[in-house]
Amino acid sequence: MGIFLLMMIIAVAVFVGVASKKFYGKPYIVNFAIAALMLLLVVQTIQMQPISAFGYVAIVCCSLAFFFQIALGFKNAKVSP
């Protein structure tokens with residue numbers, strides 16, 4: 001599970017980089033991709049044992065970023081034709 005999760009994080013991060021250039025006119029795709037990346041980072045951090053104070057800060061920050069990116073994605077999806 002650990003290797004698969006790391007490979008998914010790398011794949012989604014590469015997709016975010018490519019999508020930011022290729023889908024410039026469709027920002028909701030980039031928002032949802034960033035949200036997926038933040039969710040994967042939260043899952044990866046939760047699997048760390050023991051979780052340090054820095055881990056808890058990362059979980060909180062990535063969780064907030066996840067919710068903001070989801071909200072921005074839905075907002076941009078409604079605006080885009």
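Since the model is a prediction, treat every value here as computed from it, not as a measurement.
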Enquirer: Name all pairs fulfilling the ring pair (Phe, Tyr, Trp, His ring centres under 6.0 Å) condition that reach into residues 30-58, sequence neighbours left out, sorted by first residue then second.
Expert: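 Every ring pair (Phe, Tyr, Trp, His ring centres under 6.0 Å) pair that includes a residue of residues 30-58, provided the two are not neighbours, is Phe32-Phe74.
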Enquirer: Quick one: which residue pairs count as a side-chain hydrogen bond (donor to acceptor under 3.5 Å, both in side chains) with a foot in residues 1-15, not counting sequence neighbours?
Expert: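 The answer is none; no pair qualifies.
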Enquirer: Kindly give the heavy-atom pair with the smallest separation between Cys62 and Val42, and that separation in Å.
Expert: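 Of all heavy-atom pairs spanning Cys62 and Val42, the closest is CB-CG2, 3.5 Å.
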Enquirer: Nearest 0.5 Å, what's the CZ-CD1 distance between Phe68 and Ile34?
Expert: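 Output value for this atom pair is 14.0 Å.
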Enquirer: Which residue pairs pass the side-chain hydrogen bond (donor to acceptor under 3.5 Å, both in side chains) test with at least one member in residues 65-76, sequence neighbours excluded?
Expert: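 Checked against side-chain hydrogen bond (donor to acceptor under 3.5 Å, both in side chains) - neighbours excluded - the pairs reaching residues 65-76 are Asn31-Gln69, Asn31-Asn76.
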Enquirer: Give, for atom CD1 of Ile59 and atom CD1 of Ile46, the distance between the pair rounded to the nearest 0.5 Å.
Expert: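 The CD1 atom of Ile46 is 5.0 Å from CD1 of Ile59, to the nearest 0.5 Å.
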Enquirer: Is there a path of hydrophobic side-chain contacts, each under 4.5 Å between heavy atoms, that joins Val43 and Phe66?
Expert: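 Yes, Val43 connects to Phe66 through the hydrophobic network.
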Enquirer: Honestly curious: do Ile29 and Phe67 fall in one hydrophobic cluster under the side-chain, below-4.5 Å linking rule?
Expert: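 Yes, Ile29 connects to Phe67 through the hydrophobic network.
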Enquirer: Side-chain heavy atoms nearer than 4.5 Å, only ILVMFWY residues, links allowed to pass through others: does that put Leu39 and Phe4 together?
Expert: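 Per the 4.5 Å side-chain linkage, Leu39 and Phe4 are co-clustered.
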Enquirer: Working to the nearest 0.5 Å, report the span between CD1 of Ile70 and CE of Met38.
Expert: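 Rounded to the nearest 0.5 Å, the CD1-CE separation comes out at 11.5 Å.
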Enquirer: Connecting only ILVMFWY residues whose side-chain heavy atoms lie within less than 4.5 Å of each other, what is the rest of Met48's hydrophobic cluster?
Expert: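 Members alongside Met48: none; it stands by itself.
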Enquirer: Taking side chain to side chain contact (heavy atoms under 4.5 Å, CB included) as the definition, give me every residue that meets it alongside Ile9, ordered by chain and number, with sequence neighbours left out.
Expert: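 Listed in chain order: Leu5, Leu37, Leu40, Leu41, Gln44.
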Enquirer: Under the side chain to side chain contact (heavy atoms under 4.5 Å, CB included) test, which residues partner Ala33, sequence neighbours left out?
Expert: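 By the side chain to side chain contact (heavy atoms under 4.5 Å, CB included) rule, Ala33 matches Phe15, Val16.
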Enquirer: Is it true that, when you exclude Phe23 itself, more than 12 heavy atoms of the residues, nucleotides or ligands shown sit nearer than 6.0 Å to its CZ?
Expert: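 Enclosed: over 12 neighbouring heavy atoms sit under 6.0 Å from CZ of Phe23.
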